Number of protein chains: 2
Amino acid sequence: MPKVGMEPVRRKALVDAAMRVIGDHGSLTVTMSEIAKQAGVSPALAHHYFGSKEQLLIETVRVHLQRLRDSVITALRAAKTPREKLSAVIRVSFQADQFAPETIAAWLAFYAEAQRSEETRRFLVIYARRLRSNLLANLKALCPEEDAERIAEGAAAMIDGLYIRQSLRSAPISIEASIALTEDYINLLLAPLSREAAVQRTET
Amino acid sequence: MPKVGMEPVRRKALVDAAMRVIGDHGSLTVTMSEIAKQAGVSPALAHHYFGSKEQLLIETVRVHLQRLRDSVITALRAAKTPREKLSAVIRVSFQADQFAPETIAAWLAFYAEAQRSEETRRFLVIYARRLRSNLLANLKALCPEEDAERIAEGAAAMIDGLYIRQSLRSAPISIEASIALTEDYINLLLAPLSREAAVQRTET
DNA sequence: TATTTTTGATTGACTGATCAATCAATAAAA
DNA sequence: TTTTATTGATTGATCAGTCAATCAAAAATA
């Protein structure tokens, strides 16, 4: 049924199919055939639009990272205060769709791929920086910059760690518990620093 | 040079070679040829001793997890108090050899593999449980059990998270900084819960 | 001790399967 | 007619896994 303007439709279908197949399979060692089948087209068409398997996979990372970014932006807009914005960033990280086993499996596979593909690595580095900087920007409004950096580093690590540990599916932690742990961390580290009481502390 | 008793020698050489090749390659999509070459034997011999590539990889995970376990046990023995034991567990997690880029890349690859191989997953689950329980046992001596569980969960996540983030090699964190972040986390959560911890609040 | 037999170690050459990538051909819009 | 979408068939490369053959040490035997 060749109709003009199929390209964007097919590209999206293939990228979505790739994510699903990778998530199910839990690995990037998926075939173009599987992806194409899942997208309801022939393997040859996948090559036609993406040129190579690698390009399709890179595009898949790119698109999904972009979507995650959009979620964060939306959530940040809805939050008013810096403290609310911090919570928003955390909440999005543990969003139901992000926390689904197949999604986690897929991201894990991409992390592994990043060791080999410079382009995949670049995208993931951007994600890691963004997470850290979203936390940092709002923490800076609540405590001295020096402390903000430490806390952002720790919180980002905790978020990624909870995520990774989830991938093993042993003693899975609920979304709420994951959010609570991260919030607790920030609250406790912030508590002694946020007040003006800290202000009178000059550098040691 | 056929001499009797080569089997254990070859097995060890192949397992070590596998870890090295996987670490360099940053992925489990390595060939038996590469591994065998690295070990200085023919691919056929690798098959002779391990039966299949999958078995060799599983054995590789097992052996390296065992080594990590031995390090932890040794470190725990050397530590006296529960608080010292906590520090020991953290220290071993970030040991230089564990924190080397190739080692991290290899573990990441195994995590991804665990999504597909039930046996690999089992080993990693054991590791995750052990980390958590080593932390938990010693935390229990320092605070109420309920809190101990929360803190153990958070600390384990932070350790794994720092580890994973290291794999992207963007803004790498030093071993000392990683240890400090984790120690800080535990100290701060412990502070309001234990008299002893409050006493030994010495540094920031 | 000298000779033969057995056994473990090792490999080169091969096979079968899998898969990414290509391409020529077809069908339907424009 | 030209362009775009689409596929079946095919190719070439890569690899895991197999196997029969070799070689040398060890054990058994004379």
Side-chain angles (χ1 to χ4, degrees), chain A residues 1-22 24-61 109-110 112-113 115-120, chain B residues 1-22 24-61 109-110 112-113 115-120:
Chain A
M1 299 94 200
K3 213 174 19 182
V4 147
M6 279 290 100
E7 178 155 355
V9 177
R10 295 307 188 202
R11 290 187 91 98
K12 183 175 183 309
L14 283 163
V15 161
D16 288 345
M19 193 66 174
R20 221 169 314 129
V21 172
I22 291 166
D24 286 349
H25 214 271
S27 150
L28 287 198
T29 61
V30 294
T31 66
M32 285 299 251
S33 301
E34 284 174 280
I35 296 172
K37 193 176 182 183
Q38 175 73 220
V41 299
S42 75
L45 194 65
H47 272 99
H48 174 64
Y49 284 126
F50 288 93
S52 74
K53 182 182 169 184
E54 181 161 24
Q55 272 309 308
L56 168 52
L57 295 183
I58 286 171
E59 190 62 11
T60 303
V61 184
F110 285 129
E113 174 71 2
Q115 306 296 313
R116 301 199 293 116
S117 155
E118 184 53 40
E119 211 159 349
T120 302
Chain B
M1 303 91 202
K3 213 175 18 180
V4 147
M6 279 291 102
E7 177 156 357
V9 177
R10 295 308 188 201
R11 292 188 89 99
K12 182 173 184 312
L14 283 163
V15 161
D16 288 345
M19 194 68 174
R20 220 167 317 129
V21 172
I22 291 166
D24 287 349
H25 213 272
S27 151
L28 287 198
T29 61
V30 294
T31 67
M32 284 298 249
S33 302
E34 284 175 281
I35 296 172
K37 191 175 182 184
Q38 175 73 219
V41 299
S42 75
L45 194 66
H47 273 99
H48 174 65
Y49 283 127
F50 288 94
S52 73
K53 181 182 170 185
E54 180 162 24
Q55 272 310 307
L56 169 52
L57 296 184
I58 287 171
E59 191 62 10
T60 304
V61 183
F110 286 130
E113 175 70 3
Q115 306 297 313
R116 303 198 293 117
S117 155
E118 184 53 40
E119 211 159 348
T120 302

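Because only heavy atoms are used, hydrogens play no part in the values below, and waters and symmetry mates are left out as well, while side chains stay in. Below, chain A is the first sequence line, B the second, and so on; all start at residue 1. Since the model is a prediction, treat every value here as computed from it, not as a measurement.
- Rounded to whole Å, the distance from CD on B/Q55 to C1' on D/dA16 is 14 Å.
- Paired with B/L57 under the rule side chain to side chain contact (heavy atoms under 4.5 Å, CB included), one option of B/V15, B/I22, B/T120 passes, and it is B/I22.
- Rounded to a whole Å, the CD atom of B/E7 is 14 Å from the C1' atom of C/dT7.
- Distances from the side chain of A/A44 to the nucleotides C/dT22, C/dT11, D/dA16 place C/dT22 closest.
- Straight-line distance from the CG atom of A/L28 to the C1' atom of C/dC19: 16 Å, rounded to whole Å.
- Counting heavy atoms from C-beta outward, B/F50 and B/R10 have side chains that stay 4.5 Å or more apart.
- Rounded to an integer number of Å, the gap from CE of A/M32 to P of C/dA20 is 7 Å.
- Distances shown here put a side-chain N or O of A/Y49 below 4.0 Å from the OP1 or OP2 atom of D/dT6.
- Nucleic acid contact for B/T31: sugar-phosphate only, since backbone atoms but no base atoms lie under 4.0 Å from a heavy atom of the residue.
- Side-chain atoms of B/Q55 and B/S52 include no donor-acceptor pair closer than 3.5 Å.
- Of all heavy-atom pairs between B/G26 and A/Q115, the closest is O-CB, 3.5 Å.
- In this structure, B/M6 places its CE atom 15 Å from C1' of D/dC23, rounding to the nearest Å.
- Close to C/dT10, at under 4.0 Å from its OP1 or OP2, lies a side-chain N or O of B/R10.
- We find that NZ of B/K53 is positioned 8 Å from P of D/dG17, with the value rounded to whole Å.
- Within 4.0 Å of A/V30, counting heavy atoms only, lie sugar-phosphate atoms of the nucleic acid but no base atom.
- In terms of modelled atom types and a separation under 3.5 Å, the side chain of A/K53 and the main chain of A/V30 share a donor-acceptor contact.
- Here B/F50 lies out of heavy-atom contact (under 4.0 Å) with every strand.
- To the nearest angstrom, P of C/dC23 lies 17 Å from CG of A/L45.
- Summary of the strand contacts: A/H48 and A/E34 both lie near DNA chain C, and taking for each the nucleotide with the nearest heavy atom, the more 5' one is attributed to A/E34.
- Of the candidate nucleotides D/dA16, C/dA20, D/dC19, C/dA20 has the atom nearest to the side chain of A/H47.
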